[in-house]
Amino acid sequence: MRAIILPALLLLVLTACSIPPDKPVTRQELMATRIYNYYVIEESPEMILNALNRDGEVVIATKRNIPGKNYPVHLKLLATSEGIEVVDYDR
């Protein structure tokens, strides 16, 4: 039993790791998501691009860009073969 669980757990951990994208993400692709219009982001586009091209994903602590309101969110960007996937989660 233990001989089956250990390799299965090891396989799960190795496949859950982030990997860099096959094709590097460009600044134009990042700007096409319009995240800088919808969210207040302190990180520069270059910092986000470096993280996306190195790890394939990045999570940013930010807030929604709604004047007079404060909605803190975590913004997750994933570099996929179809483009950048953007998901936000409440903090």
Side-chain angles (χ1 to χ4, degrees):
M1 178 87 173
R2 193 175 269 184
I4 295 172
I5 293 175
L6 187 58
L9 184 60
L10 182 61
L11 180 65
L12 178 67
V13 169
L14 290 176
T15 58
C17 296
S18 299
I19 58 172
D22 293 333
K23 181 185 74 123
V25 178
T26 65
R27 185 180 173 106
Q28 290 175 336
E29 291 172 322
L30 179 65
M31 291 305 165
T33 62
R34 300 181 54 93
I35 60 171
Y36 283 93
N37 292 350
Y38 300 131
Y39 304 96
V40 177
I41 300 173
E42 295 180 12
E43 289 81 2
S44 69
E46 289 76 22
M47 290 175 66
I48 294 173
L49 282 174
N50 287 339
L52 279 173
N53 289 324
R54 183 185 62 238
D55 301 327
E57 68 179 357
V58 64
V59 178
I60 306 164
T62 185
K63 57 184 174 179
R64 290 194 178 114
N65 191 10
I66 302 173
K69 304 282 183 178
N70 185 13
Y71 293 111
V73 295
H74 283 127
L75 187 64
K76 183 174 185 177
L77 302 167
L78 297 170
T80 66
S81 57
E82 291 84 28
I84 301 174
E85 183 179 325
V86 180
V87 182
D88 64 359
Y89 302 95
D90 291 336
R91 275 199 277 167

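In this text, all values refer to a predicted model and were calculated from it rather than measured experimentally.
- The hydrophobic clustering, which links ILVMFWY residues whose side-chain heavy atoms are closer than 4.5 Å, places Val86 and Tyr38 together.
- The line from CD1 of Ile41 to CE of Met47 is 11.5 Å long, rounded to the nearest 0.5 Å.
- Residues Leu52 and Pro21 are not in side-chain contact: their nearest non-hydrogen atoms beyond the backbone lie 4.5 Å or more apart.
- Enclosure of atom CD in Glu46 by more than 12 non-hydrogen atoms of other residues, nucleotides or ligands within 6.0 angstrom is indicated.
- Distance check: Leu77 CG to Asp55 CG gives 12.5 Å after rounding to the nearest 0.5 Å.
- The OG1 atom of Thr33 lies 8.5 Å from the CD1 atom of Ile48; values are rounded to the nearest 0.5 Å.
- For Glu85, the side-chain contact (heavy atoms from CB on, under 4.5 Å) criterion is met by Leu78, Thr80, Val87, not counting sequence neighbours.
- Within 6.0 Å of CG in Asn37 there are more than 12 heavy atoms belonging to other residues, nucleotides or ligands.
- Judged by distance alone, the side chain of Asp90 and the main-chain N or O of Val73 form no donor-acceptor pair under 3.5 Å.
- Within the model, atoms CD1 of Ile84 and CG of Leu30 stand 5.0 Å from one another, a figure rounded to the nearest 0.5 Å.
- Put simply, CD on Glu43 and CG on Asn50 are 12.5 Å apart, with the number rounded to the nearest 0.5 Å.
- Paired with Tyr39 under the rule side-chain contact (heavy atoms from CB on, under 4.5 Å), one option of Ile60, Leu75, Ile66 passes, and it is Leu75.
- Between Met31 and Pro45 the shortest side-chain heavy-atom distance falls below 4.5 Å.
- The neighbour count for Arg34 CZ, taken as heavy atoms of other residues, nucleotides or ligands under 6.0 Å away, does not exceed 12.
- The list of side-chain hydrogen bond (donor to acceptor under 3.5 Å, both in side chains) pairs with a residue in residues 59-77, not counting sequence neighbours, reads Arg64-Asp88.
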